[in-house]
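Presented below is the structure to which this report refers.
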Number of protein chains: 2
Amino acid sequence: MTTDTKNLNTESEILNAAKRIFQLKGMDGARMQEIADEANINKSLLHYYYRSKQLLFEAVFKSAFSLLAPQLNSVLNDDSPLFDKIRNFTNNYISFVVKHPYLPNFIIQELNKNPEFVKNLLAERHFPNIEKFSSQVDEQIAEGVIKPIKPTQLLINIIALNLFPFMAAPLLKGLLKVDDTTYRQLMEDRKTEVADFIINAIKL
Amino acid sequence: MTTDTKNLNTESEILNAAKRIFQLKGMDGARMQEIADEANINKSLLHYYYRSKQLLFEAVFKSAFSLLAPQLNSVLNDDSPLFDKIRNFTNNYISFVVKHPYLPNFIIQELNKNPEFVKNLLAERHFPNIEKFSSQVDEQIAEGVIKPIKPTQLLINIIALNLFPFMAAPLLKGLLKVDDTTYRQLMEDRKTEVADFIINAIKL
DNA sequence: ATATAGTTTAACCATATGGTTAACAAAAGT
DNA sequence: ACTTTTGTTAACCATATGGTTAAACTATAT
């Protein structure tokens, strides 16, 4: 085994362990010892590879965001017709979040505690850009395909309908008095229902 | 000044300080010393009145939830026609959240970290009940006023569209590249636009 | 074989943190 | 008046926590 692969193994093992712990407990709730245990290594190694809790956290956060951002981009910068786009996005996005249930919550939560952090993200290459989506919506309004609506509001609605049910899962499970299996089925149904809901809301 | 009023003053001063700190920083991020400073009292007094951080936190959490719950109830247990209900709820709810911007996030976040906590809430007197809303939706479908939709899905959509934009404010501000004032205006506009959106989505 | 660079660990350290104690002050009850 | 109860504080305490250090171990290069 070469030094390089050893490095990569340990380093990525740490990052994966840190992802699990940070996304579950947040920056404040996570403990360096717990991350070390999760990665089956000595606590000092965390500092050897990432210097500090803050830097390890930032590595995790960026990695998480760069997983989420392309999902958003797929709705924004893509040439398919608006309605198709909404259907694809809803379907894909819910599949994605089912696989990474803690991710959106993690990002939004930490961004709330650290709003200035968003400035770092804006600089990133792959940060989503809404220009294309905006003009597409405006075109469709002009063509009389959909009702007048501000593109920003429509985008907020699309994201809200797709993300919120996962972020608020414990609350909604309680409110609707359903068990985990039923709730998962509800989310599965939403893959098509949310798109229908949105399209009905805007089509003329 | 009687002992009682002294008690109440200090005790509620502590609770208010704790609300501010806990809702801003969460259970893990909050420090007892910081709450004491915020309340302008000695740290020991926190323990004198609330025994432990956990109990103080629970007092804050219950108080927060009992502020949010009636808002939900207003959509669920009210005799007005469905469309009026949606309009009123959206309008009132957004006004409410503008006044308490950290509240929904706080509740949902802590519920995510502690999902079993929801069981305590279910026992509460004022816990929202969706029966009435469900049958109202089903009636309107039967009467041919609205398209077929599962009441649970509609309820999720209503809550998502109203809550999410506040929970994800930092992310959305970055994504849409708007400043605080513009964002507040967007939220203001949503008081009517969200209701229109929902009603368009379901009406026949 | 041996030096060298990189990797991993156990033992520490300084500080922060939730919580306790004991003394004191202020009211209220008698 | 004085005793008891309630409220408040400063000083402490045990432990948890992020971080450091120095030594040991491993693999690679010479």
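In what follows, every heavy atom counts, from backbone to side chain, and hydrogens, waters and symmetry copies are set aside.
Rounding to whole angstrom units, OH of residue A/Y50 and P of C/dT8 are separated by 13 Å. The CG atom of B/N40 sits 13 Å away from the P atom of D/dT8 (whole-angstrom rounding). Rounded to an integer number of Å, the gap from CD of A/E11 to C1' of C/dT8 is 15 Å. Rounding to whole angstrom units, OH of residue B/Y48 and C1' of D/dA10 are separated by 17 Å. Atom-to-atom, CG of B/L45 to P of D/dT6 comes out at 15 Å; the value is rounded to the nearest Å.
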Self-check item: Sequence-aligned protein contact record of nucleotides 15-22 of chain C, with B where the base is within under 4.0 Å of a protein heavy atom and S where only the sugar-phosphate is
Solution: --SBBBB-
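Within the structure, ring pair (Phe, Tyr, Trp, His ring centres under 6.0 Å) contacts touching residues 145-177 of chain A (residues at least two apart or in different chains) do not occur.
You'll find the side chain of A/M167 stays beyond 4.5 Å of the side chain of A/Q109, heavy atoms only.
Judged as a ring pair (Phe, Tyr, Trp, His ring centres under 6.0 Å), and not counting sequence neighbours, the contacts of A/F22 are A/F57.
More than 12 heavy atoms of other residues, nucleotides or ligands shown are found within 6.0 angstrom of NZ on A/K113.
Using a 4.0 Å cut-off between charged side-chain N and carboxylate O, A/D189 and B/K150 make a salt bridge.
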Quiz item: After noting the C-alpha distance and the side-chain angles of A/D196 and A/R87, does the key distance pass the salt bridge (Lys or Arg N to Asp or Glu O under 4.0 Å) rule?
Solution: CA-CA 8 Å; A/D196 290 341; A/R87 284 193 200 286; 2.7 Å; yes
